[in-house]
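Being a predicted model, the structure only gives us computed values, none of them experimental.
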Amino acid sequence: MEPPSKQSHDPLLLNTIEPDIPSTLLSNKQLHSAFLELQRLLVLVLVASIEALLILQNKEPIFHFIYLFCLIIFFILNHCFSNSGQVFLVDFSCLKPPSSCRVPFSTFLGNASKIESFDAQSLAFMAKVLTSSGQGQETYLPPALHHIPPKSHHQESIKEVHMVLFPIMDDLLAKTKHSPQDIDILIVNCSGFCPSPSLCSILINKYSMRSDIKSYNLSGMGCSASALAIDLAQNLLQVHNNSYAIVLSTEILSTGWYAGQEQPKLILNCLFRMGSAAILLTNKKQDIKSSKYQLFRTLRTQKAFEDRAYLSTIREEDSNGKLGVTIKRDILEVAGEILRWNVTVLGSSILPFSEKFRHGVSRIRKRFIDKSAEIYVPNFKSAIEHFCLPTSGRQLVKELAKGLKLGDGEMEAALMTLHRFGNQSSSSLWYELAYLEAKQRVKKGDKVWQLGMGTGPKCASLVWKCIRPIDDDEAMKGPWSDSIYRYPIVAVDQ
């Protein structure tokens with residue numbers, strides 16, 4: 001989610017697992033999770049009881065072998081049927097913009113100073129946002145925004161679409177050795193630019209895709225759009241068997257440039273940078289061995305039904321009729337609330353029983369024994385090895401990590417992505433995953449949590465399980481290939 005201009009009071013996750021939410025939302029999810037755990041426990045008790053009965057009745061060894069054989073057959077069949085509907089990530093690609101698009105702070109502020117619409121206060125404010133954001137000097141802006149004044153008309157945005165989507169589509173198809181004709185489902189997400197014909201149509205036309213391809217165009221979903229698109233792809237793949245789905249995530253910046261003087265609208269000029277990602281998903285059994293990850297869990301929560309949250313980030317005209325995105329000061333408080341909802345429900349389904357038990361005991365103690373006692377925040381590192389957090393600003397990353405009790409290692413991917421590439425909206429999560437792979441940290445069996453937060457407001461979580469080793473060659477072919485050796489940069493975290 002887009003950050004505010006100033007970081008105020010501690011907004012995130014201080015009471016991470018005790019949100020003020022509608023009981024139906026939380027209780028249904030938790031009850032379902034508890035029911036599944038109880039079901040597993042009852043099965044274990046039943047199995048043990050039957051075996052104990054056989055022993056007490058002094059049955060012949062043949063009965064024990066028959067019983068064991070039946071159990072093995074049962075669990076094999078259960079495993080086979082449970083695999084149906086699973087979604088796998090074959091591979092993904094991230095855009096590495098050309099060096100000509102780099103925009104150091106001095107270049108950005110120098111160009112901005114030559115634009116008549118910005119006064120001295122606007123320039124000083126943007127300089128402050130840049131220096132406190134956590135991004136470095138090598139981030140990228142599209143060619144249209146290098147002009148003085150920036151070009152923001154429709155045709156420039158179409159050129160930007162070609163620049164950010166075609167290369168990653170080409171790279172993904174080349175890496176996975178697939179033809180555009182193989183793709184059954186196409187989902188493109190871009191929050192601020194929705195042309196006609198749609199972005200999906202542009203790609204279908206460019207790559208001569210099939211006439212029966214199922215295409216979907218998502219707009220206005222903010223930084224959480226990529227995670228939401230993966231959730232949509234999962235739902236579609238559960239309906240359409242033996243299929244491939246491609247998700248393309250980007251943000252077209254030339255349409256979002258704000259040329260006014262209202263400070264809440266100037267923030268996006270400073271933070272959002274070029275980026276895009278392409279992800280290939282499948283439910284085909286023959287692709288399981290070659291796929292990198294299995295989609296382990298998805299979760300979506302939103303708070304658009306509440307007026308204060310709904311209006312916390314909104315695109316509107318200023319007093320002079322210039323269009324821009326207004327970011328309200330209470331955005332962090334709203335983000336903390338929606339994040340607490342998401343984390344609470346997600347934790348109830350992925351955390352080990354010991355962590356949920358300690359949390360439950362602490363809640364009972366606070367409610368009935370000692371109201372001043374702190375609620376225990378579960379250790380998510382007990383279930384997740386790697387974390388891809390929103391890259392909406394250095395302070396937000398740190399507050400989020402603090403609330404989840406994560407250390408420097410867990411927020412490294414987010415901070416380094418923010419430093420090297422800036423806030424790339426929805427595609428940032430994939431640059432973070434590419435960072436973890438380039439550092440050769442993701443091992444077979446590891447789980448990765450991608451957390452997306454966007455306007456609406458909404459929050460989406462993706463939990464992936466790595467199902468095969470990622471070799472050195474493929475890990476070093478991503479956007480970090482020429483810079484990974486310089487990271488992590490300790491100064492970024494100061």
Over 12 non-hydrogen atoms of neighbours within 6.0 angstrom of NZ in Lys405: yes
Tyr435 and Trp480 aromatic ring geometry - parallel, tilted or perpendicular at 30°/60° bounds: perpendicular
Donor-acceptor pair, side chain of Gln450 and main chain of Cys388, under 3.5 angstrom: no
Trp430 and Phe92 aromatic ring geometry - parallel, tilted or perpendicular at 30°/60° bounds: tilted
Flag side-chain contact, heavy atom, 4.5 Å: Leu253 against Leu145: yes
Between Glu160 and Ser254, a side-chain donor and acceptor under 3.5 Å: yes
Evaluation steps, side chain to side chain contact (heavy atoms under 4.5 Å, CB included), between Leu236 and Tyr216: CA-CA 11 Å; Leu236 291 169; Tyr216 302 84; 3.4 Å; yes
Exercise: identify the closest heavy-atom pair between Asn189 and Ser226: OD1-CA, 3.7 Å
Over all atoms of both residues, closest heavy-atom pair of Arg420 and Arg102: NH2-NH2, 3.7 Å
Any donor-acceptor pair under 3.5 Å from Thr417 side chain to Ala414 backbone: no
Close side-chain approach of Ser425 and Phe272, heavy atoms under 4.5 Å: yes
Closest contact, heavy atoms only, Leu451 versus Cys459: CD1-SG, 3.5 Å
Distance-only polar pair, side chains of Tyr293 and Asp446, donor-acceptor under 3.5 Å: no
Atom pair CD1/OG of Ile204 and Ser198 - distance to nearest 0.5 Å: 7.0 Å
Sole residue of Lys284, Arg210, Lys214 in salt bridge (charged side-chain N to carboxylate O under 4.0 Å, His left out) with Asp184: Arg210
Enclosure of Lys175 NZ (heavy-atom neighbours >12, cutoff 6.0 Å): yes
Identified side-chain contact (heavy atoms from CB on, under 4.5 Å) partner of Ile187 from the options Leu281, Val247, Ile279, Ile230: Val247
Heavy-atom closest contact (Phe166 atom, Ile202 atom, distance): CZ-CG2, 4.0 Å
Parallel, tilted or perpendicular: rings of Phe193 and His154 (30°, 60°): tilted
Distance, nearest 0.5 Å, that separates CG of Asn423 from OG of Ser133: 9.5 Å
Side chain to side chain, Gln135 and Thr391, heavy atoms closer than 4.5 Å: no
Side-chain heavy-atom pair Glu410, Phe380 within 4.5 angstrom cut-off: no
Pair Thr176, Asp91: side-chain N/O donor-acceptor within cut-off below 3.5 Å: no
Whether over 12 other heavy atoms sit under 6.0 Å from Tyr310 OH: no
Residue pair Leu89, Ser291: steps toward the side chain to side chain contact (heavy atoms under 4.5 Å, CB included) verdict: CA-CA 6 Å; Leu89 190 159; Ser291 297; 6.0 Å; no
Note, Val463 side chain near Leu299 side chain (heavy atom, < 4.5 Å): no
Glu412 with Lys439: basic N within carboxylate O range, under 4.0 Å: no
Atom pair NZ/CD1 of Lys265 and Ile327 - distance to nearest 0.5 Å: 10.0 Å
Residues Thr250 and Ser427: side-chain donor-acceptor under 3.5 angstrom: no
Straight-line distance of Asn235 CG to Ile185 CD1, nearest 0.5 Å: 10.0 Å
Spatial distance of atom CG (Leu173) from atom CG (Asp182) [nearest 0.5 Å]: 8.5 Å
Close side-chain approach of Trp449 to Leu346, heavy-atom, < 4.5 Å: yes
Nearest-0.5 Å distance, CD1 of residue Ile314 to NZ of residue Lys328: 7.0 Å
Under 3.5 Å side-chain donor-acceptor pair for Glu316 and Thr326: yes
Ile338 vs Lys303, side chain to side chain contact (heavy atoms under 4.5 Å, CB included): CA-CA, chis, key distance, verdict: CA-CA 7 Å; Ile338 187 65; Lys303 205 177 182 184; 4.0 Å; yes
Beyond-backbone contact of Cys101 with Pro143, side-chain heavy atoms, under 4.5 angstrom: yes
Derivation of the side chain to side chain contact (heavy atoms under 4.5 Å, CB included) call for Lys96 and Asp482: CA-CA 10 Å; Lys96 174 68 180 305; Asp482 64 344; 2.9 Å; yes
Donor-acceptor side-chain pairing of Thr298 and Gln234 below 3.5 angstrom: yes
Minimum-distance pair of heavy atoms, taken over all atoms of Gly136 and Thr139: O-CG2, 4.0 Å
Close side-chain approach of Met274 to Met163, heavy-atom, < 4.5 Å: yes
